[in-house]
Amino acid sequence: MAQVLPAERDLRRVIGDGDAIPDGEVEGLGEHELLALYRSMVLLRTYDERSVVYHRQGRIGTYAIYWGHEAMQAGAFHALEDDDWVFPSYRESAIGLLRGLPAATILSWWRGHPAGWWNPADYNVASICVPIGTQVPHAAGLAWGKRLRGGTECALVFFGDGATSEGAFHEGANFAAVMRAPVVLLCNNNQWAISTPLSAQTRAEALVDKAAGYGIPGVRVDGRDVLAVYEAVRDGVARARAGEGPTFVEAVSYRAAPHATADDPKAYIDLDRVEEERANECLGRYEGYLRRVGALPDELEQQIKAEAADVMRAGIAAAEAEPPADIGLVFEHALADPPESFASDLAELRRILG
Ligand SMILES: Cc1ncc(C[n+]2csc(CCOP(=O)(O)OP(=O)(O)O)c2C)c(N)n1
Ligand SMILES: [Mg+2]
């Protein structure tokens, strides 16, 4: 019988403000682990900032910016073991970098090039999902399947505040709860679904309250605090591995960048609030923490940032070195038994494109 648990509604935080709010610490995280988290955040930040530039230069297509969400992505990722699976939405498109997926592959995805696809089983990183919320039942199903086969792997699935209004989210969350699937449901509550604010998305006081409807624990963390996210997801992973089923983690943030390169939020967002968020963004907050604990000398910070910049330089060069895809791909893999017209359609297309 599922037990209805009251959700934990207070925002969990670990990182202080260097002033009145003291820093906490997370058990088991020494300097090595703290710096590994930092490297991941820097790599994600660099990927994101360079991608906006590449878009402006016409080198990648429309791109979903995740600036300011690196803490929740890296924090949640580091709570996993290598065998665990990650299910990203378009907002976490680059999370595979943290598992060794080449930057060129992800850049190729945003270039609409076939070199941008990978075998999920090679990295335990599922395909990037653009249809909102559809990755939630994928993650629940995979996690349940692993459990049925006697494995101890679990799955981490990312989705947004807007996704909580989708049937796919409900189906996935309910299925995971009923089957006790080992999955952590990580909701990036950045308070916007393109131009729809959270207030128009739900009447729930907090998204974490939805956990009670599935009879699973819910935890609310400051999504800009990498250590708080890490700790909350680590607890969820431990529950999952112990056979106790899913955990819902609401990571509260604010979308301090446009929804994507095709969006102009000036039409609907409070720009003062955006400025406030940008001034308090997650990477700078974490750098402040690392300096206070004496773990980030200036030279090391510069070295980590330079390494990430090199990864991106090599990544875009490799992506651009890919030969253009053959137009025949538009027809291949579409139907097992293609109609005869495909051949003449393709010939016509080749004639038009010269
Ligand atoms: C099923 C479906 N409906 C509509 C869209 C169009 N769409 C793209 S992004 C988006 C907003 C999603 O907001 P949220 O879940 O909060 O994620 P965020 O973009 O903030 O990360 C919508 C409605 C879509 N991609 N898929
Ligand atoms: Mg959102």
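Heavy atoms only: backbone and side chains are in, while hydrogens, waters and symmetry mates are out. Residue numbers run from 1 in the order of the sequence given. Both counts, for ligands and for their atoms, begin at 1 and track the order of listing.
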Can you confirm whether the side chains of [X] and [Y] place a donor and an acceptor under 3.5 Å from each other?
X: D82; Y: Y123; answer: no
X: R45; Y: H69; answer: no
X: Y63; Y: D48; answer: yes
X: N189; Y: E250; answer: yes
X: R239; Y: T247; answer: yes
X: W110; Y: S93; answer: yes
X: S40; Y: H78; answer: yes

Report the nearest protein non-hydrogen atom to [atom]: residue, atom name, distance rounded to 0.1 Å.
atom: atom 14 (P) of ligand 1; result: G162 N, 3.4 Å
atom: atom 21 (O) of ligand 1; result: R91 NE, 3.0 Å
atom: atom 22 (C) of ligand 1; result: I194 CD1, 3.8 Å
atom: atom 26 (N) of ligand 1; result: I132 N, 3.1 Å

*Any idea which of F159, Y90, F169 brings a heavy atom closest to atom 17 (O) of ligand 1?*
Y90
*With atom 15 (O) of ligand 1 as the reference point, say which of S89, A163, S165 has the nearest heavy atom.*
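Heavy atom nearest to atom 15 (O) of ligand 1 belongs to A163.
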[X] neighbourhood, listing ligand 1 atoms whose heavy-atom distance to it stays under 4.0 Å:
X: H259; answer: 9 (S), 19 (O)
X: N190; answer: 18 (P), 20 (O), 21 (O)
X: A193; answer: 11 (C), 12 (C), 13 (O), 16 (O)
X: P131; answer: 26 (N)
X: G160; answer: 14 (P), 15 (O), 16 (O), 17 (O)

*Would you name the N/O/S atom of D161 that lies closest to the Mg ion (ligand 2)?*
OD1
*Candidate list I60, I316, T261, test side-chain contact (heavy atoms from CB on, under 4.5 Å), partner S51, passing option*: I60
*Measuring to protein heavy atoms, does anything land under 4.0 Å from atom 24 (C) of ligand 1?*
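Within 4.0 Å: yes, protein heavy atom nearby.
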_Under 2.8 Å from the Mg ion (ligand 2), can any N, O or S atom of N190 be found?_
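Coordinating: yes.
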*asked:* Between W192 and the Mg ion (ligand 2), is there a contact where an N/O/S atom of the residue lies under 2.8 Å from the metal?
replied: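 It does: W192 brings an N, O or S atom closer than 2.8 Å to the Mg ion (ligand 2).
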*For Q303, which of E301, E307, K305 qualifies under side chain to side chain donor-acceptor pair (under 3.5 Å)?*
E307
*asked:* To the closest 0.5 Å, what do you measure between OH (Y289) and CG (L37)?
replied: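 Taking OH in Y289 and CG in L37, the distance rounds to 10.5 Å.
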_Test item, N188 contacting ligand 1 (heavy atom, 4.0 angstrom)_ =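 It does not; every heavy atom stays at 4.0 Å or beyond.
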*Please lay out, stage by stage, how R99 and D84 fare under the test salt bridge (Lys or Arg N to Asp or Glu O under 4.0 Å).*
CA-CA 11 Å; R99 273 271 166 75; D84 296 327; 5.7 Å; no
*Would you kindly specify which portion of D161 sits under 4.0 Å from ligand 1, judged on non-hydrogen atoms: side chain, backbone, both or neither?*
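Looking at D161 and ligand 1, atoms from backbone and side chain both fall under 4.0 Å.
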